[in-house]
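This chain uses plain numbering: 1 for the first residue, then up along the sequence. Excluded from the calculations below are hydrogen atoms, water molecules and symmetry mates; all remaining heavy atoms, backbone and side chain alike, are included.
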Amino acid sequence: MTTVRAAVFELLRDRGVTTVFGNPGSTELPFLRDFPDDFRYVLGLQEAVVVGMADGHAQATGTTALVNLHTAPGVGNAMGAVVNAAANHTPMVITAGQQVRAMMTMEALLTNVDATTLPRPAVKWAYEPPRAQDVPAALARAFHLAETAPRGPVFLSLPMDDFDVELDEAEAAAARHAARRRVTDATAAAGPAVEALAARLAAAANPVMVTGGSVDAEGAWDAAVALAERRGLPVWASPIEGRVGFPEDHRLYRGVLPPALAPLAATLQGHDLVLVVGAPVFRYYPYVPGPVLPEGAELALLTSDPGEAARAPVGDALVAGLRPTLERLTELLDKRADPGDDGPAGAAPPAAPAEEPETEPMSARTALAAVAAGAPPETLWVNESPSNVQIFREVVRIDRPCSFLTTAGGGLGFGLAAAVGAQLGRPERPVVALVGDGSAQYAITALWTAAAYRAPVTFVVPANGEYAILKWFGRFENTPGVPGLDLPGLDLCALARGYGVPAHRATDAAHLAELVAGATAATDGPVLIEAPITTVPPSL
């Protein structure tokens, strides 16, 4: 006889999902009993860290992550990270244990009351199978939903006594069929719609393209470059995106759009058609009143997310797979000169930042330039230093796919955890995580997992001893006298060493570059580097 547990692990093997990110509780022990030797269990010491690691792993590998949490309290602890994963369009199957079915009605201790409501609306789907025999089919459905557009996390509540239930021959066969099903979701937009968009691009006097993180996530990087080069499109990065959708050293790249209405519209002044690919229209914060587009401009959105298409405040939208649609658009367009070939005028490419005088402590720009100088070209960057991310995008030019991860969700705690998950998924690439000293506290236990699994992540903490981004917002919003924005007394090196991670404090830019070069060349475990910096608020 086949048990539900055996059927579940066979389904996971069939899908190539042999890594489980978790923090076990008593309701998860029946699932984890006699854990198979061909599976890897990655332990996080707090559930938000578990989901953050899974998020980084899924994005770095392009696969769906499997998470195992502890009934209602574990899901509650993880919810901030689940919100981030949803904003990141990360394919993720989250399972949580549940009390035995015989005691759920009486709401015995550890019963997840109304389990499918707790994770909403951050998940695409939440379900508790009505019978133990339905667990394999429910798990298969969860993977299909997580992986189809718009990709994102889904949730299953699994009673702890389901896993030892034996399946009869018909039920076991049904479980095998569920495991072998595949859902393919890479459909191009309908022919007439693509042809109409191609005609608009061809007729526009000065079109521009804005790319978002989904370009990278859906493997459409090269297709976006080909279209930009074919039509001669200057390219801007959409604001507040979790990934980079266009090479930032390309002659057509113009920079990152500001995340506010008036300045964003002003930046696009002079363009008569704005093609947005793989991004919402647009992510804004803070509120600076103004139009969505400059006068005389039209907008077309290409997205695989129906929700993004529906809520866009202006323009027409095509809902379809990005790569095949971009490839077809490129085929339909005649080759045009581009601004890099002395063709139609585009915005000037971003200027290289001027060198700054040495200060003590270092400025953020000096520190990030030193980190960039010490890191190898193939680095996979993870960033959660909110007050410095704008400077980072100026100093570090991402020139290849899957090389930059941050969170589009606005919640802290992503950086340390995602970097560990990304490195476990892509061990052949050096991973450098730039995480602010304030942000680091939300997921500090991720350092233990990095040390325990000997994940060679280079953690760099630009430490300014305050929530600098909040002080900047305070100045912008004219809200003086806000308490709780200073963080005196944090010793990141001591914290790291307490979790088993070697740590160093950089004294100047040259020392910082040397430390980063040494850490990224090592393969025997993580290193944390604290870099004291002054506060340099980003400009809007």
Side-chain angles (χ1 to χ4, degrees), residues 8-22 36 38-44 49-69 78 81-82 84-95 123-125 136 138-156 178-186 213-221 242-245 278 304-305 321-323 380 382 400-408 414 417-429 431 449 453 455 457:
V8 163
F9 280 111
E10 194 56 39
L11 183 150
L12 296 174
R13 285 190 188 94
D14 199 59
R15 301 196 67 88
V17 180
T18 56
T19 296
V20 180
F21 293 90
D38 58 328
F39 279 69
R40 173 174 64 170
Y41 188 87
V42 179
L43 174 63
V49 170
V50 168
V51 172
M53 291 192 297
D55 195 343
H57 187 275
Q59 292 197 66
T61 61
T63 61
T64 302
L66 178 64
V67 173
N68 186 230
L69 302 178
V82 177
N84 281 338
N88 295 339
H89 288 319
T90 301
M92 182 185 299
V93 174
I94 301 168
T95 63
V123 295
K124 292 177 62 177
W125 181 62
L139 187 60
R141 182 179 175 186
F143 274 98
H144 299 319
L145 286 169
E147 294 168 359
T148 52
R151 299 193 304 175
V154 300
F155 174 81
L156 283 179
R180 293 168 186 166
R181 288 189 67 243
R182 294 295 182 270
V183 175
T184 301
D185 182 26
S214 292
V215 172
D216 191 28
E218 295 186 30
W221 177 290
R243 302 174 74 138
V244 171
S304 59
D305 184 347
L322 302 185
R323 182 181 55 77
L380 195 167
V382 179
R400 63 197 72 193
C402 195
S403 294
F404 176 78
L405 299 177
T406 186
T407 178
F414 174 82
V420 177
Q423 201 289 322
L424 292 174
R426 298 293 298 272
E428 78 283 4
R429 294 188 66 179
V431 175
T449 304
Y453 292 81
V457 179

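In this structure, A178 and A140 approach most closely via the heavy-atom pair O-CB, 3.4 Å. Across all non-hydrogen atoms, the minimal contact from R13 to P36 is NH2-CB, 3.5 Å. Taking all atoms of both residues into account, the shortest heavy-atom contact from A146 to P91 is O-CB, 3.5 Å. Smallest separation of non-hydrogen atoms from V244 and W221: O-CZ3, 3.1 Å. Nearest heavy-atom pair across P153 and A86 is CD-CA, 3.7 Å. The minimum heavy-atom distance linking P136 with L11 is given by the pair O-CD1, 3.4 Å.
Counting heavy atoms from C-beta on, the side chains of H89 and S304 never come closer than 4.5 Å. Here the side chains of M92 and V154 are not in contact, with every heavy-atom distance at 4.5 Å or above. A heavy-atom distance below 4.5 Å is found between the side chains of L156 and W125. Contact check for C402 versus R243: side-chain heavy atoms found under the 4.5 Å cut-off. The closest side-chain heavy-atom distance from L12 to F143 is below 4.5 Å.
Contacts of F414 classified as ring pair (Phe, Tyr, Trp, His ring centres under 6.0 Å), with partners at least two apart in sequence or in another chain: none. Contacts of Q423 classified as side chain to side chain donor-acceptor pair (under 3.5 Å), with partners at least two apart in sequence or in another chain: none. Partners of T449 by side chain to side chain contact (heavy atoms under 4.5 Å, CB included), not counting sequence neighbours, listed by chain and number: V42, M53, V420, Y453.
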Original post:
Given L424 and R40, is the side chain to side chain contact (heavy atoms under 4.5 Å, CB included) satisfied, shown in steps?
Top reply: CA-CA 11 Å; L424 292 174; R40 173 174 64 170; 4.0 Å; yes

Subject >> V82 and I94: CA distance, side-chain angles, deciding distance, side chain to side chain contact (heavy atoms under 4.5 Å, CB included) verdict >> reply: CA-CA 9 Å; V82 177; I94 301 168; 3.8 Å; yes

**OP:** Just do the side chain to side chain contact (heavy atoms under 4.5 Å, CB included) check on L66 and N68 with the steps written out, would you?
**Re:** CA-CA 7 Å; L66 178 64; N68 186 230; over 6 Å; no

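The side-chain hydrogen bond (donor to acceptor under 3.5 Å, both in side chains) test with D55 singles out one residue from N84, T407, N88, and that residue is N88.
The CZ atom of R141 sits 10.5 Å away from the CZ atom of R181 when rounded to the nearest 0.5 Å. The CZ atom of R429 sits 7.0 Å away from the CZ atom of R400 when rounded to the nearest 0.5 Å. The NE2 atom of H57 lies 4.5 Å from the OG1 atom of T19; values are rounded to the nearest 0.5 Å. Between the CG atom in L322 and the CG atom in D216 there is a gap of 11.0 Å [rounded to 0.5 Å].
In summary, R182 and D14 engage in a salt bridge, as defined by a charged side-chain N under 4.0 Å from a carboxylate O.
The closest side-chain donor-acceptor pair between S214 and R151, if any, does not fall under 3.5 angstrom.
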